[in-house]
Protein chains: 2
Amino acid sequence: MLFMRSDSDLTARARIRDAALDLFGREGVNRVSVRAIAAQAGVSPALVLHHFGSKDGLRKACDAYLVEMLRGDGTSPDLDDTSRIGSMIEDATPIRRYLARAFLDESPDAAALFDSMVAGSERWLEQGVAEGWVRPAADPHARAAIYVGWLLTPVVLHAHLARALGEDDLAETGATLRFSGTALEMLTQGVFADERVRSAYEKVRNERS
Amino acid sequence: MLFMRSDSDLTARARIRDAALDLFGREGVNRVSVRAIAAQAGVSPALVLHHFGSKDGLRKACDAYLVEMLRGDGTSPDLDDTSRIGSMIEDATPIRRYLARAFLDESPDAAALFDSMVAGSERWLEQGVAEGWVRPAADPHARAAIYVGWLLTPVVLHAHLARALGEDDLAETGATLRFSGTALEMLTQGVFADERVRSAYEKVRNERS
DNA sequence: CAGCATACTAAACAAACGTTCAGCCTCTGA
DNA sequence: TCAGAGGCTGAACGTTTGTTTAGTATGCTG
């Protein structure tokens with residue numbers, strides 16, 4: 001529901017950036033031409049480069065805009081609670097798609113965002129341990145990293161998860177409830193009931209080495 | 001350790017396919033030219049199209065080869081246990097990278113692979129419930145889908161997880177042990193100790209609607 | 001009013017792209 | 001021994017690409 005406004009309200013520069021974010025996220029940066037972006041924004045191709053210098057400059061501007069949108073008002077330097085990350089995930093499709101590609105392309109901004117989420121989640125989980133609503137972990141840092149990875153699953157595998165769940169879009173209310181309800185159940189009660197899976201895994205590993 | 005052989009042993013066709021898999025996975029299909037693939041394979045650009053018809057034909061051949069590699073000998077139509085998926089994840093870097101991009105590009109083969117993994121995991125978890133080593137779930141199908149998403153985290157977010165853990169490569173023995181040990185701990189004992197996180201989440205959701 | 005920066009466009013550019021084509025080897029089967 | 005097929009190459013083709021350049025319109029500042 002965020003990021004809603006009419007296109008004609010925007011400056012051409014903003015329209016170009018929005019078109020780029022949308023198309024880059026949809027197709028990947030290299031499948032999208034400057035001309036296609038210009039067409040979607042309703043301007044000439046030359047204006048794109050007038051404002052952003054080059055196609056790569058436009059990509060960097062998209063990265064920066066992404067970070068700006070996701071960090072929000074910036075009251076906290078790190079993304080430090082799950083519901084905040086959760087709302088990021090539910091948010092506008094173009095941003096989610098762009099973010100997924102930025103992660104895969106290892107853009108520096110996306111990497112910084114990831115690290116920031118890990119740092120924030122580690123603090124948040126640590127606080128939970130202190131207050132008793134999070135279980136202690138043998139390796140809290142590794143757990144925070146994996147936790148963030150799990151949280152980002154609907155970002156990077158959105159289409160596949162939606163298809164597997166038989167839903168059109170995970171952002172629909174029903175699908176979101178089903179998804180996060182199940183994930184929270186898994187995170188709260190665990191998936192495996194005892195140590196049998198872990199010992200089986202360790203046995204396989206030892207056999208292989 | 002799989003997929004080891006000397007390059008000169010391979011037919012030109014196989015060398016082209018391997019080069020394409022490597023470069024496509026590294027850079028993305030559109031950032032890689034037919035000429036670059038030909039150069040890495042040590043052949044002329046024309047031979048690439050002689051064997052595969054077109055660049056897209058080569059991409060499809062890579063998809064098919066990926067599926068062939070990952071399904072293994074095909075004793076089971078579905079990928080039905082976690083250790084099998086785990087070994088896929090640890091396996092050769094080019095394949096892992098290519099798989100991540102195939103997921104993002106929603107290639108039909110990758111989608112089928114994902115669905116197959118969900119189906120297999122659902123059966124595997126169901127068996128675990130029957131035998132008592134997996135906890136029952138309110139929505140077993142959704143749980144299987146999310147479980148597969150979580151298993152694939154090191155595939156699609158490999159570089160970020162490795163960096164967050166301070167490791168060069170998750171496939172190194174030490175890093176693998178640390179990663180899977182922590183993940184298994186999270187899956188076995190759970191992350192959240194009680195229902196407080198879930199109720200907090202539901203409260204936030206209700207407020208927003 | 002002149003002067004100047006800014007927003008913007010049409011047209012053109014060189015480079016890189018996927019692809020085609022004609023032809024050269026080398027092997028195989030008759 | 002000859003014909004044909006398949007692996008393979010060098011050179012070229014037309015298209016699309018990102019980018020540049022020259023120029024117009026507009027609106028602000030002195």
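A note on names: the letters A, B, ... follow the listed sequences, proteins ahead of strands, and every chain is numbered from 1. These values consider heavy atoms only, across backbone and side chains, with no hydrogens, waters or symmetry-generated copies.
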Sugar-phosphate only, base, or nothing, as touched by B:Val32 at under 4.0 Å among non-hydrogen atoms: sugar-phosphate

Whole-Å distance separating the CG atom of A:Leu58 from the P atom of D:dT17: 15 Å

Nucleotide D:dT17, atom C1' - distance to CD1 of A:Ile37 in whole Å: 12 Å

Distance-only side-chain donor-acceptor flag, B:Asp115 / A:His160, under 3.5 Å: no

Flag if over 12 foreign heavy atoms under 6.0 Å of CG, A:Asp56: yes

Length of the line joining B:Asn30:CG and D:dT16:P, which is rounded to integer Å: 15 Å

Between C:dG18 (P) and B:Lys55 (NZ): distance, integer Å: 4 Å

A:Ser44 side chain, from C-beta outward: closest of C:dT9, C:dG18, D:dC8: C:dT9

Touch class at under 4.0 angstrom, heavy-atom based, for A:Ser33 against every strand present: sugar-phosphate

Atom-to-atom span, CZ of A:Arg59 to C1' of D:dT17 - whole angstrom: 18 Å

Interatomic distance where CZ belongs to B:Arg31 and P belongs to C:dA16 [whole Å]: 17 Å

Interatomic distance, B:Leu49 CG vs C:dT19 C1' [rounded to whole Å]: 6 Å

D:dC8 phosphate, OP1 or OP2, under 4.0 Å from B:His51 side-chain N/O: yes

Nucleotide of C:dG18, D:dT19, D:dT21 approaching A:Ala46 most closely (side-chain heavy atoms): D:dT21

For atom CD1 of B:Ile16 and atom C1' of D:dG6, their distance in whole Å: 14 Å

Distance test, side-chain N/O of B:His50 to OP1/OP2 of D:dG7, below 4.0 Å: yes

5'-most by nearest nucleotide on DNA chain C - A:Arg35 or A:Leu47: A:Leu47

Side-chain donor/acceptor contact of B:Arg13 with base of D:dG7 under 3.5 Å: no

Pair B:Tyr98-B:Asp63, side-chain donor/acceptor within less than 3.5 Å: yes

Check: A:Leu58 main-chain N/O paired with A:His51 side-chain donor or acceptor under 3.5 Å: no

A:Asp105 bridged to B:Arg31 by N-O distance under 4.0 Å: yes

